[in-house]
There are 2 protein chains.
Amino acid sequence: MRDTGGVPKVVDHDERRRHVTAALLRITEREGLEAVSVRTVAAEAGCSVGAVQRYFSTKDEMLHFALRTVVEAERERIRHIRLGPAGMPFPDALRATLLELLPLDARREGEARIWAAFYARAAVHPEFAAVIDELNREARGNLRAAFAYAESVGELRPGQDHDALAQLVLTIMDGLMWSILMRPGGVHRDHLAAVDTAVRLVTGSASSPAPPS
Amino acid sequence: MRDTGGVPKVVDHDERRRHVTAALLRITEREGLEAVSVRTVAAEAGCSVGAVQRYFSTKDEMLHFALRTVVEAERERIRHIRLGPAGMPFPDALRATLLELLPLDARREGEARIWAAFYARAAVHPEFAAVIDELNREARGNLRAAFAYAESVGELRPGQDHDALAQLVLTIMDGLMWSILMRPGGVHRDHLAAVDTAVRLVTGSASSPAPPS
DNA sequence: CTGTATTTAATACGACTGTACCCGGAAAGC
DNA sequence: GCTTTCCGGGTACAGTCGTATTAAATACAG
């Protein structure tokens, strides 16, 4: 089919799909997933509904592609969990990693708002939940491996359940994300204090890390 | 108005509003807030659209009433945070309280699903977030007071930031709720382990002391 | 009974939804 | 030139949405 006859106007399909998806995510960040319709996405992308329909035959397919895009971005961030910068004490490295996962500036807050929208939809749509759950499992594995490594080099007090610890840390991260998104002013000192407490809980260090007040 | 002239068919307005709201919440639990429309609510409540419109002149008002209903139910549950049963060791009382807040059976899972739906909507609608934030503030206050009392009677290691501690515990509860809702099988051992770890973190019980540092 | 006031069912309306379809424009091979 | 293929704007269609309006049914005072 592709090789016979003339080759008409050729267009990078993947690029177009990403373009439309970016428009969808902008709408989601601004007004939530409920504001996403084929028409609003087309308007945001600066094209017609027919163009959107060409690359996403149905709205569900479009949403699934957007979900996979968001999950992929999150997966990329999670990959950096493995290790903090070498030569850094483990508590500091862990703290830095966790702070990087939190929506502490406007850009990451926008991303978190998108993430939360899909996250909430997963509470009703099991096929969304499956994708997200797999990502969470991956994150837990990375964190657990980091704990195991830290223990092996003597930077982490031995004898702890790394899996439960990783799950707890990720749970705290989830809760913190929602808490930050819910507060109008953004991040508060309690949020940072919670990260410090989580790090202290894992590493078992005794002193408090001087919160700026 | 009410005293003049004849008094025709009289119905309990509040009862009707609660009836309609209950139908709305059933739909929300089953299919999420996006499935809530005036028509679906009327059908679930077993009446016509006009009847719903009589008691809720607009859909927003209906949703707001439902939100306040849900928040009120949650407020009733967090009122029990103040103190566990007297004569119970503080760690056990705290653990029991936290376990009661978690959706560990089908009934509470349904309630949590409703709660999560409104929670997610609050991430986009600030007027929802304000109500929920106030409730969270209240819960934090109760928890903080419980910590202060426990410290005063010598059941809690002194010198901790009760407010930050309470915020952290509530954050863990939020994260756990989402985690439980997301997993298909319901509650896992990691969730209960997270509660134990949180209790241990707060009470500083002796199972994990002595950092070499 | 009549009269009056309230509840409710039914419907109408305009806007929006997802999807299917059509047709003109654009590039490449003949 | 023409043909072939893809692309994308425009539109039609059957629903559902929230809301306003209408008319019938109902229950009590007189």
Side-chain angles (χ1 to χ4, degrees), chain A residues 1-24 27-28 30-67 117 121 124-125 127-128, chain B residues 1-24 27-28 30-67 117 121 124-125 127-128:
Chain A
M1 299 281 187
R2 205 88 187 275
D3 303 327
T4 73
V7 176
K9 187 155 105 179
V10 64
V11 151
D12 188 343
H13 276 240
D14 290 343
E15 190 277 333
R16 285 301 195 190
R17 285 168 78 95
R18 281 195 300 267
H19 178 72
V20 172
T21 303
L24 188 153
I27 296 177
T28 304
R30 237 187 297 119
E31 313 166 60
L33 261 180
E34 38 185 23
V36 168
S37 78
V38 182
R39 284 168 176 81
T40 57
V41 169
E44 177 78 24
C47 60
S48 71
V49 284
V52 173
Q53 280 184 308
R54 175 156 309 276
Y55 299 104
F56 298 103
S57 61
T58 191
K59 186 192 178 183
D60 272 327
E61 185 195 336
M62 183 169 66
L63 281 177
H64 262 83
F65 187 84
L67 170 68
R121 192 182 181 87
V124 176
H125 296 247
E127 69 273 16
F128 274 40
Chain B
M1 303 271 191
R2 207 94 187 270
D3 304 326
T4 72
V7 177
K9 185 157 114 181
V10 61
V11 301
D12 189 342
H13 275 241
D14 290 343
E15 191 276 334
R16 284 301 193 189
R17 284 168 79 96
R18 282 196 299 267
H19 178 72
V20 172
T21 303
L24 188 154
I27 296 177
T28 304
R30 237 186 299 119
E31 313 166 59
L33 261 180
E34 37 185 24
V36 168
S37 78
V38 181
R39 284 169 177 81
T40 57
V41 169
E44 176 79 24
C47 60
S48 74
V49 190
V52 172
Q53 280 185 306
R54 172 149 316 273
Y55 298 105
F56 298 104
S57 61
T58 192
K59 186 192 177 184
D60 272 328
E61 185 195 336
M62 183 171 65
L63 281 178
H64 261 84
F65 187 84
L67 169 68
R121 192 181 181 86
V124 177
H125 296 247
E127 69 274 16
F128 274 39

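Each chain gets a letter, A, B and so on, in the order its sequence line appears, and its residues count up from 1. Values reported hereafter were calculated over all heavy atoms of this structure, with side chains retained and with hydrogens, waters and symmetry mates removed.
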Could you tell me how far apart [X] ([atom1]) and [N] ([atom2]) are, to the nearest whole angstrom?
X     : N      : atom1 : atom2 : value
A/E61 : C/dT19 : CD    : P     : 10 Å
A/R17 : D/dG8  : CZ    : P     : 13 Å
B/D14 : C/dT7  : CG    : P     : 12 Å
B/D60 : D/dT19 : CG    : C1'   : 12 Å
B/Q53 : C/dT6  : CD    : P     : 19 Å
A/R39 : D/dA12 : CZ    : P     : 12 Å
A/K59 : C/dC16 : NZ    : P     : 15 Å
B/M62 : D/dC17 : CE    : C1'   : 12 Å

query = Looking for any heavy atom pair under 4.0 Å, which part of the strands does A/V52 touch: base, sugar-phosphate only, or nothing?
reply = nothing
task = Determine the contact category for B/F56: base if any of its heavy atoms lies under 4.0 Å from a base atom, sugar-phosphate if only primed atoms, P, OP1 or OP2 are that close, otherwise nothing.
result = nothing
Is the distance from OP1 or OP2 of [N] to the nearest side-chain N or O of [X] less than 4.0 Å?
X     : N      : result
A/Y55 : D/dG8  : yes
A/R16 : D/dG8  : yes
B/T58 : D/dG18 : no
B/H13 : C/dT7  : yes

query = With a 4.5 Å limit on heavy-atom distance, are the side chains of A/L24 and A/L63 in contact?
reply = yes
task = Would you mind telling me which of D/dG9, C/dG18, D/dG18 lies closest to the side-chain atoms of A/C47?
result = D/dG9
Within the distance-only criterion (no hydrogens, no angle test), does the side chain of [X] pair as donor or acceptor with the backbone N or O of [Y] below 3.5 angstrom?
X     : Y     : answer
A/T58 : A/E61 : no
B/T21 : B/F65 : no
A/T28 : A/V36 : no

note = On DNA chain C, more 5' by nearest nucleotide between A/R54 and A/S37 is A/S37
inquiry  = For A/Y55 and A/H13, take the angle between the two ring planes, folded into 0 to 90°, and tell me which bin it lands in: parallel under 30, tilted 30 to 60, perpendicular over 60.
reply    = perpendicular
